[in-house]
Amino acid sequence: MASLNTVLVPLVALLVTVASASNFYNDFDITWGDGRAKILSDGDLLTLNLDKASGSGFQSRNEYLFGKIDMQLKLVPGNSAGTVTAYYVSSKGSAWDEIDFEFLGNLSGDPYILHTNVFSQGKGNREQQFYLWFDPTADFHTYSILWNPQRIVFSVDGTPIREFKNLESMEVPCPKNQPMRICSSLWNADDWATRGGLVKTDWALAPFTASYRNFNAEACVLSNGVSSCGTTTSPPASTSNAWFSEELDSTRQERLKWVRENYMVYNYCHDVNRFPQGLPTECSMS
Ligand SMILES: *[C@@H]1O[C@H](CO)[C@@H](O)[C@H](O)[C@H]1NC(C)=O
């Protein structure tokens with residue numbers, strides 16, 4: 001804990017929230033797909049496309065070290081079987097950290113699976129999967145990552161679906177030192193994504209399109225590799241940094257429980273066959 005405090009004290013002192021007004025031209029670069037990713041409507045909308053030749057992707061210009069990051073997504077409609085839309089934050093290198101949302105497509109009328117994972121220092125194997133309580137292709141919905149020194153919370157339209165606590169005191173590595181970029185991509189994964197790879201992508205329906213809007217980040221931004229935490233804006237009122245110590249209140253705990261009881265389809269913490277040496281430490285802590 002001593003090392004944690006020495007890292008955090010100077011950081012908190014410098015903490016200034018950067019709240020971005022959404023503009024895809026300013027905040028993101030298209031990184032993949034040769035024209036298949038498009039920024040539209042003066043920067044308010046971004047679309048990713050997938051056809052038989054290639055998928056597409058984008059990433060944030062900024063690197064973030066902690067933040068509360070919201071994005072609205074509208075997923076590939078109709079028969080999206082075989083497609084995967086990944087939306088995540090990730091650091092670089094062989095010991096990378098990553099917080100993942102992945103949306104596994106399905107046949108028309110069959111449910112998407114929302115697949116989540118947390119990597120710390122290059123190690124993942126923490127998959128949890130959910131059905132959604134709405135049709136994620138009919139409209140935009142908000143997918144959020146809260147990442148602060150105590151916890152990671154995945155939320156959908158403000159409802160928490162997963163919490164990963166900082167259990168460093170129990171030797172569970174936790175993302176907290178490496179800056180991450182926001183990334184997204186749409187690609188073909190029909191070898192595994194839909195019913196374990198049984199349902200293939202129907203290329204007659206291509207191109208497949210996923211759409212993004214209303215990006216918002218209250219976050220610590222790294223500039224020039226220094227954790228200057230957003231010195232480019234005037235300091236906000238201290239209440240707007242509430243995300244930095246945010247935890248789930250009892251109402252949100254109830255919502256989390258509701259999702260997990262009714263919509264969770266896979267939890268690595270219940271998969272005893274997969275971990276013959278015993279379940280990961282964090283599984284006994286929730
Ligand atoms: C697709 O639909 C089937 C049938 O309802 C379901 O078992 C499966 O979990 C759904 N999602 C994926 C990604 O396969």
Side-chain angles (χ1 to χ4, degrees), residues 32-33 36-37 47-52 54-57 71-90 98-119 124-145 154-157 159-164 183-212 255-275 283:
W32 178 47
R36 288 175 185 80
T47 60
L48 293 183
N49 289 280
L50 163 70
D51 60 30
K52 200 164 185 179
S54 177
S56 53
M71 182 78 87
Q72 292 195 321
L73 276 73
K74 187 175 168 186
L75 300 174
V76 174
N79 177 358
S80 59
T83 72
V84 171
T85 305
Y87 172 68
Y88 57 102
V89 294
S90 181
E98 186 173 313
I99 305 167
D100 278 325
F101 282 107
E102 288 188 19
F103 301 89
L104 316 185
N106 216 335
L107 294 168
S108 302
D110 280 345
Y112 264 74
I113 285 178
L114 170 49
H115 173 102
T116 64
N117 206 352
V118 176
F119 285 73
N125 296 329
R126 298 194 178 102
E127 298 85 357
Q128 294 185 345
Q129 297 184 330
F130 306 85
Y131 289 143
L132 292 162
W133 49 96
F134 53 84
D135 174 1
T137 73
D139 209 341
F140 284 91
H141 291 269
T142 305
Y143 301 90
S144 307
I145 295 170
F154 297 75
S155 300
V156 177
D157 290 336
T159 294
I161 62 165
R162 175 171 187 179
E163 180 177 26
F164 181 82
C183 305
S184 191
S185 54
L186 171 59
W187 84 90
N188 178 45
D190 66 1
D191 53 336
W192 63 272
T194 306
R195 297 191 207 183
L198 291 178
V199 188
K200 300 298 172 190
T201 304
D202 181 357
W203 293 113
L205 301 171
F208 300 98
T209 305
S211 306
Y212 301 74
R255 296 289 291 165
L256 178 71
K257 196 163 154 246
W258 173 76
V259 172
R260 299 177 74 80
E261 282 173 2
N262 295 288
Y263 295 97
M264 185 144 89
V265 291
Y266 177 80
N267 184 353
Y268 74 113
C269 283
H270 296 163
D271 197 345
V272 285
N273 294 330
R274 188 173 160 194
F275 300 100
C283 292

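Start at 1 and go down the list; that is how both ligands and their atoms are numbered. Everything numeric here is computed off the predicted structure, so don't read it as measured data.
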key: Single hit among Thr209, Leu186, Leu48, Asp51 for side-chain contact (heavy atoms from CB on, under 4.5 Å) with Arg36   = Asp51
ask   = If you take all heavy atoms of Phe101 and Phe103, which pair is closest and at what distance?
value = CB-CE1, 4.1 Å
request  = Kindly check if the number of other-residue, nucleotide or ligand heavy atoms within 6.0 Å of NZ (Lys257) is above 12?
outcome  = no
task = May I ask you to decide if the ring planes of Tyr143 and His141 are parallel, tilted or perpendicular, using 30° and 60° as cut-offs?
result = perpendicular
query = Considering only heavy atoms, does Ala193 approach ligand 1 within less than 4.0 Å through its side chain, its backbone, both, or neither?
reply = backbone
task = Test Thr159 against Asp157 for side-chain hydrogen bond (donor to acceptor under 3.5 Å, both in side chains), laying out the working first.
result = CA-CA 6 Å; Thr159 294; Asp157 290 336; over 6 Å; no
remark   = Note: ligand 1 atoms sitting under 4.0 Å from heavy atoms of Pro111 are 1 (C), 2 (O), 5 (O), 10 (C), 11 (N)
remark   = Atoms of ligand 1 under 4.0 Å from any heavy atom of Gly105, numbered from 1 in the order shown, are 13 (C)
message = How far is atom 4 (C) of ligand 1 from the closest protein heavy atom, and which atom is that?
response = Arg195 NH2, 3.6 Å
For Gly33 against Ser54, the heavy-atom pair lying closest together = CA-OG, 4.1 Å
request  = Search all heavy atoms of Phe208 against all heavy atoms of Asp202 and return the closest pair with its distance.
outcome  = CZ-O, 3.4 Å
query = What atoms in ligand 1 come closer than 4.0 Å to a heavy atom of Asn106?
reply = 1 (C), 2 (O), 3 (C), 8 (C), 10 (C), 11 (N), 12 (C), 14 (O)
query = Side chain, backbone, both or neither: which part of Tyr112 comes within less than 4.0 Å of ligand 1 when only heavy atoms are counted?
reply = neither
ask   = By number and element, which atoms of ligand 1 are closer than 4.0 Å to a non-hydrogen atom of Thr194?
value = 14 (O)
request  = Answer yes or no: does an N/O atom from Leu104 fall short of 3.5 Å to an N/O atom of ligand 1?
outcome  = no
task = List the closest protein heavy-atom neighbour of atom 7 (O) of ligand 1: residue, atom name, distance to the nearest 0.1 Å.
result = Tyr131 OH, 3.8 Å
